[in-house]
Amino acid sequence: TATGRTIEIGGYRPVGQLTNSPIASLYRAVAIDSSRPVALRAGRASLADSTDPAALDRMVTSARTIATIRHPNIVPVLGAGIDGAWHSVATSWVQKSLAEALSKSDPVTIREAATFALSIAQGLAAAHGSGVIHSALTPRNILISEREIPQIVDFGGMALSAPESRADYLSPEHARGQNPRPPSHL
């Protein structure tokens with residue numbers, strides 16, 4: 001950091017900030033024990049208290065549930081917890097989002113779109129089977145692995161997602177203030 005101090009959060013060392021929100025920031029980080037690259041979403045309870053006191057607890061609880069699901073179309077959660085004042089969730093590092101991929105490439109074929117849609121639906125079905133509903137599914141929350149496999153991330157909730165993209169992707173049930181259910185993803 002600028003002060004010369006190394007920050008460690010839950011066994012991870014942030015090496016670059018990717019996004020920032022009032023509740024939690026997203027960092028590219030490395031696991032201290034293995035130097036493995038990870039994505040680390042971390043927030044301090046004192047910052048979230050004024051906007052949504054329970055948001056960070058929901059983030060960690062949701063991540064712990066997702067960590068129990070092993071599916072190729074869900075980004076693996078490597079760790080989630082509270083380290084002092086920090087609440088954090090570490091996931092496998094995946095370089096690009098579907099939104100980024102679509103904005104930089106040629107139009108996708110019907111076959112490619114159908115393959116991606118099927119993969120995403122399979123990941124959502126695995127989450128639904130564990131009682132998890134993604135509350136903010138957008139192209140930014142679908143990541144594309146190095147092997148071109150779509151993977152869903154950020155099941156943690158609406159408050160942590162990019163605000164400019166949420167309203168465009170809300171289901172009618174969610175927009176009416178009702179709890180989302182599995183059909184809401186369709």
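If you're wondering where the values come from, they're calculated on a predicted model, not measured in any experiment. For this chain, numbers begin at 1 and follow the sequence in order.
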*Is a side-chain N or O of Ser130 found less than 3.5 angstrom from the main chain of Val132, in a donor-acceptor match?*
no
*Return yes if some donor-acceptor pair links the side-chain N/O of Arg111 with the main-chain N/O of Val108 below 3.5 Å, else return no.*
no
_Counting C-beta onward and ignoring hydrogens, is there a side-chain heavy-atom pair between Val38 and Leu78 closer than 4.5 Å?_
yes
*asked:* Are Leu26 and Leu143 linked, directly or through intermediate hydrophobic residues, by side-chain heavy-atom contacts shorter than 4.5 Å (ILVMFWY only)?
replied: no
_Spacing of Glu100 atom CD and Arg140 atom CZ [to the nearest 0.5 Å]_ = 7.0 Å
*Without swapping roles, check the side chain of His134 against the backbone of Val153 for a donor-acceptor pair under 3.5 Å.*
yes
*Over all heavy atoms of both residues, which pair between Ile69 and Ala127 is shortest? Give the atoms and the distance, please.*
CD1-CA, 3.8 Å
*Hey, does Pro14 have a side-chain heavy atom less than 4.5 Å from the side chain of Ile9?*
yes
*asked:* I'd like to know if the side chain of Thr68 reaches the main chain of Thr65, judged simply by a donor and an acceptor atom lying under 3.5 Å from each other, with no hydrogens or angles considered.
replied: yes
*Can you get from Ile120 to Ile144 by hopping between Ile, Leu, Val, Met, Phe, Trp and Tyr side chains that sit under 4.5 Å apart?*
yes
*Please name the pair of heavy atoms, one in Val77 and one in Ala63, separated by the smallest distance, quoted to 0.1 Å.*
CG1-O, 3.7 Å
*asked:* Quick check: is Val30 connected to Tyr27 through a chain of hydrophobic side chains (ILVMFWY, heavy atoms under 4.5 Å apart)?
replied: no
*Is there a donor-acceptor contact under 3.5 Å from the side chain of Asn73 to the main chain of Pro150?*
yes
*asked:* Taking the cut-offs as 6.0 angstrom to the six-membered ring centre and 45 degrees off its axis, would you call Arg36 and Trp93 a cation-pi pair?
replied: no
*Lys/Arg-Asp/Glu bridge criterion (N-O < 4.0 Å) met for Arg41, Asp154*: yes
*Could you work out the complete set of other residues in the hydrophobic cluster of Leu118, with links drawn between I, L, V, M, F, W and Y side chains under 4.5 Å apart?*
none
_pair Arg58-Thr61: side-chain heavy atoms closer than 4.5 Å_ = no
*Are Ile152 and Val75 close enough that some pair of their side-chain heavy atoms sits under 4.5 Å apart?*
no
*If only atom types and distance count, is the side chain of Gln151 paired as donor or acceptor with the main-chain N or O of Pro72 below 3.5 Å?*
yes
*Can you list the residues that meet the side chain to side chain contact (heavy atoms under 4.5 Å, CB included) rule with Ser103, with sequence neighbours excluded?*
none
*Phe116 and Leu98: side-chain contact (heavy atoms from CB on, under 4.5 Å), yes or no, with the steps?*
CA-CA 10 Å; Phe116 266 53; Leu98 178 59; 4.1 Å; yes
*Reported CZ-to-CE distance for the pair Arg64 and Met59, which is rounded to 0.5 angstrom*: 10.0 Å
_Ala42 versus Trp86, closest heavy-atom pair with distance_ = CB-CE3, 3.8 Å
*List the atom of Ile74, the atom of Gly123, and the distance in Å for their closest heavy-atom pair.*
CD1-O, 3.4 Å
*Where is the tightest heavy-atom contact between Glu8 and Asp83, given as atom of each residue plus distance?*
O-OD2, 4.2 Å
_I'd like to check the salt bridge (Lys or Arg N to Asp or Glu O under 4.0 Å) partners of Glu148; sequence neighbours left out, ordered by chain and number._
Lys96
*Do the non-hydrogen side-chain atoms of Ile7 and Arg13 ever get within less than 4.5 Å of each other?*
no
*Inter-residue atom distance Ser25.OG - Asn20.CG, 0.5 Å rounding*: 3.5 Å
*asked:* Do Leu102 and Leu137 land in one hydrophobic cluster if side-chain heavy atoms of ILVMFWY residues count as linked below 4.5 Å?
replied: yes
*Check Tyr12 against Ala29 and note the closest heavy-atom contact, atom names and distance.*
CB-CB, 4.4 Å
